[in-house]
Amino acid sequence: MTHTAIDLPRLPIGDWCAAVVLWAQENLGPILDAIYSVLRALDDKLAAGLHVVPALLMAVILGLVAWAASSWKLGVGTLLGMLLISTMGMWDEAMDTLSLVIVCSVVAMAFALPIGVAAARYEAVSHVVRPVLDFMQTLPVFVYLIPAVLLFGIGVVPGMVATIVFAMPPGVRLTELGIRQVDREVVEAGHAFGAAPRRILTRIQVPLAMPTIMAGVNQVIMLALSMVVVAGMVGAGGLGALVYQGITTMDMPLGFEGGIAVVILAMFLDRITAGLAGRSPVARVSKATARA
Amino acid sequence: MPAIEAEHLYKVFGRRARDGVTRLRQGATQQELNEQDGLTAAVIDASFTVEEGEIFVVMGLSGSGKSTLLRMVNGLLEPTAGSVTLMGANVTSAPPKTLRRIRRERVSMVFQHFALLPHRTVLENAAYGLETQGIGKAERARRAAEALELCGLGGWGDKLPGELSGGMQQRVGLARALAADTDILLMDEAFSALDPLIRRGMQDQLLELQSRLKKTILFITHDLNEAMRLGDRIAMMRNGRIVQIGTAEEILNDPANDYVARFIQDVDRSRVLTASSIMEPPVAVLRSEQGPRAAHKLMRENQLDTLLVVDRDRRIRGTVGEQTVVRAVETGTTGVEGLLERSVPTVSPDTVIADLLAEAADSEVPLAVVDEQERLVGVIPRVTLLTALSNTSATSEGGPDGEAQTDSATDPQPDPPAASAHDAEVPA
Ligand SMILES: Nc1ncnc2c1ncn2[C@@H]1O[C@H](COP(=O)(O)OP(=O)(O)OP(=O)(O)O)[C@@H](O)[C@H]1O
Ligand SMILES: [Mg+2]
């Protein structure tokens with residue numbers, strides 16, 4: 001088997017992509033600057049807030065959050081997990097990572113919700129969005145980092161941009177799915193009583209789609225966490241930087257400890273979003289119905 | 001101004017639906033359109049008007065296009081051709097904002113599959129129409145609770161719809177539409193999920209509500225007995241077309257085609273035909289200012305042993321019996337006032353035959369049919385009732401005196417000419 005290409009003129013696709021990035025670099029300066037400062041500011045503020053609180057107190061607070069969102073068991077587990085991170089000496093890095101994950105997830109969902117809603121409502125939008133999402137989701141994660149670094153330089157922001165782009169697709173997809181799944185007749189009932197489309201969206205479609213949307217939020221957060229770790233390579237800091245340092249210096253204990261800290265954060269974030277999803281009115285309804 | 005006016009409505013589902021309408025107008029059938037063009041013609045050339053305060057029933061088998069027709073009336077579906085007007089406002093061409101206002105203020109709907117908001121309580125569901133109308137929270141809750149009470153759901157307001165049985169959910173949908181208090185109600189098989197007993201109750205309630213509040217109701221059902229019970233007029237639908245529009249009696253006595261005839265075959269006529277359709281002109285009636293002699297003559301001529309006695313305005317005063325009359329003639333009493341038996345069974349022209357039975361059972365004299373002003377419009381001797389009953393189950397012709405039935409049915413308050421002529425002959 002030979003690897004000669006089919007006899008067609010070679011399309012310089014890579015060059016084109018690079019050209020787009022370069023063009024953006026030269027012509028979208030003000031926009032890029034604005035994105036940079038907004039993301040930077042968000043992350044700085046949140047990280048500073050997380051760092052102000054002493055580790056022990058913070059561990060208790062997170063435990064209480066977990067308890068409120070889910071169960072006392074998760075609360076205790078969270079408390080123990082956070083204390084473990086602290087004893088491994090990775091508290092500051094963990095808080096940096098948590099801050100990145102939260103900011104990136106919020107921004108990603110802020111884009112995903114309206115796009116998902118539009119895709120659910122307009123067939124045309126759905127047709128355009130779908131392949132773009134496939135592309136965003138399947139492109140190897142490292143590939144995001146190259147243009148991100150070219151556009152925003154080394155540091156936290158390119159990592160955040162790459163994370164947002166990478167984590168957004170399930171948010172869009174599940175928002176669209178959730179809204180499409182809402183019983184057509186229930187939406188019709190809204191129309192039949194003369195409700196405005198916006199109110200039907202906010203009072204009927206979104207609440208009823210909430211369990212699915214929350215599943216999307218959960219996935220967005222998990223993807224964001226995994227990407228934030230990768231982004232540690234381009235200077236995004238946090239636990240990712242520790243893991244990366246462990247890999248490059250063949251420091252196995254450091255690598256393992258960093259990995260364990262990531263897993264603890266992941267479990268915490270996963271369980272509380274799942275817990276919150278179970279609290280949406282619709283989920284309560286189906287539970288109530290199951291009881292009846 | 002009619003409350004609802006539908007003109008040549010078509011609804012065709014599929015690509016290039018308009019071409020489908022053209023084909024249908026050229027005479028293509030629903031089946032051809034489906035097989036050759038892959039189009040579903042759900043409603044074909046449907047025209048009807050519903051007057052204010054009328055209950056108009058659309059009746060047909062599953063898939064005949066009833067729900068599709070209803071959805072075009074409030075604009076949930078846009079007709080492929082034709083137009084709908086509600087109280088003079090064109091729904092079909094209305095811009096979205098106007099359409100929303102029409103829906104809020106004029107027309108509410110009960111859905112076939114309930115379409116309740118599962119994340120809201122029963123009370124909040126019932127209040128939904130009021131919410132879109134922008135009514136304050138307290139007022140909303142009060143009126144929704146009233147509507148729930150009316151539908152037999154008092155005390156269930158705090159539950160979620162998912163915790164209720166199907167029949168109860170259907171009643172929440174009903175309460176939601178009633179609470180909105182619009183002049184027009186669209187009801188898509190609104191009672192289909194109810195137990196027979198509750199269903200009867202809800203039908204009675206709807207009729208009662210209707211006579212009190214004069215709502216205009218477009219009611220869909222596939223139950224002919226329900227259609228006949230509720231409908232002032234009934235539209236029979238088949239394969240997307242309206243094949244006949246008429247009153248229950250018109251449809252029973254004169255089905256437009258074999259399809260309708262087969263449909264009505266096993267209707268319980270005793271629950272459909274009313275007193276007005278079998279009553280006879282009150283021939284032998286005594287006026288209260290006449291005397292025992294006149295009474296005696298009337299009895300002899302008509303071979304009766306009791307006579308109805310009415311006053312100048314044809315209001316019933318009572319009856320006189322043969323023996324009393326004979327004795328009065330012998331003793332030379334003048335006037336019949338002193339001889340009257342007061343208890344006379346009266347029924348309204350709208351009473352169905354089945355309900356006449358109980359009245360007739362313990363009465364010697366013929367049933368007196370009286371209008372709203374208590375004026376005598378007809379009588380039903382026991383033998384007439386029995387004949388009618390024996391006919392109701394058998395033929396679709398309405399029996400040997402079918403002609404007379406149709407006449408009195410079309411003219412519900414006939415001025416009985418025979419009676420007055422007779423009165424004139426009797427010497428005072
Ligand atoms: N949105 C739609 N798309 C395509 N076809 C439809 C749609 N809605 C209804 N139809 C078709 O139109 C026809 C009439 O349906 P419709 O729901 O009006 O009947 P129906 O008389 O209300 O029946 P049922 O008594 O079962 O409720 C059916 O063949 C149905 O499959
Ligand atoms: Mg239907």
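Labels below follow one simple rule: chain letters A, B, ... track the order of the sequence lines, proteins then strands, and each chain is numbered from 1.
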If you count heavy-atom pairs under 4.5 Å with chain A, which of B:Leu186, B:Leu76, B:Leu99 comes out on top? B:Leu76
Exercise: identify the closest heavy-atom pair between B:Arg100 and A:Ala195: CD-O, 3.4 Å
Pick one of side chain, backbone, both or neither for B:Ile102, based on which atoms fall under 4.5 Å of a heavy atom in chain A. neither
Above 12 or not: heavy atoms from other molecules or residues under 6.0 Å from CZ of B:Arg142? yes
Go through it in stages, so that I can follow the logic: the residues are B:Met109 and A:Glu188, the test is side-chain contact (heavy atoms from CB on, under 4.5 Å), and I'd like the CA-CA distance, side-chain angles, deciding distance and then a yes or no. CA-CA 10 Å; B:Met109 177 164 173; A:Glu188 262 188 337; 5.9 Å; no
CD (B:Glu78) with more than 12 external heavy atoms under 6.0 Å: no
Considering all heavy atoms of both residues, which atom of A:Phe193 and which atom of B:Ser108 are nearest to each other, and what is their separation? CE2-CB, 3.6 Å
A:Gly194 and B:Arg104: which non-hydrogen atoms are nearest, and at how many Å? O-NH1, 3.0 Å
Let me know if B:Arg71 has heavy atoms under 4.5 Å from chain A in its side chain, its backbone, both or neither. side chain
Which atoms of A:Arg203 are under 4.5 Å from chain B, going by heavy atoms: the side chain, the backbone, both sets, or neither? both
Assess whether atom CE of A:Met267 is packed by more than 12 heavy atoms of other residues, nucleotides or ligands within 6.0 Å. no
Greater than 12 external heavy atoms within 6.0 Å of A:Arg180's CZ: yes
Heavy-atom pairs under 4.5 Å with chain B: which of A:Val182, A:Asp183, A:Ile204, A:Val187 has the most? A:Ile204
For residues 97-128 of chain A, give me every residue with a non-hydrogen atom less than 4.5 Å from any non-hydrogen atom of chain B. none
Search all heavy atoms of A:His191 against all heavy atoms of B:Arg103 and return the closest pair with its distance. O-CD, 3.0 Å
Of all heavy-atom pairs between B:Phe111 and A:Ala192, which one has the smallest distance, and what is that distance? CZ-CB, 3.8 Å
Determine the minimum heavy-atom distance between A:Val186 and B:Leu116, stating which atoms define it. CG2-O, 3.5 Å
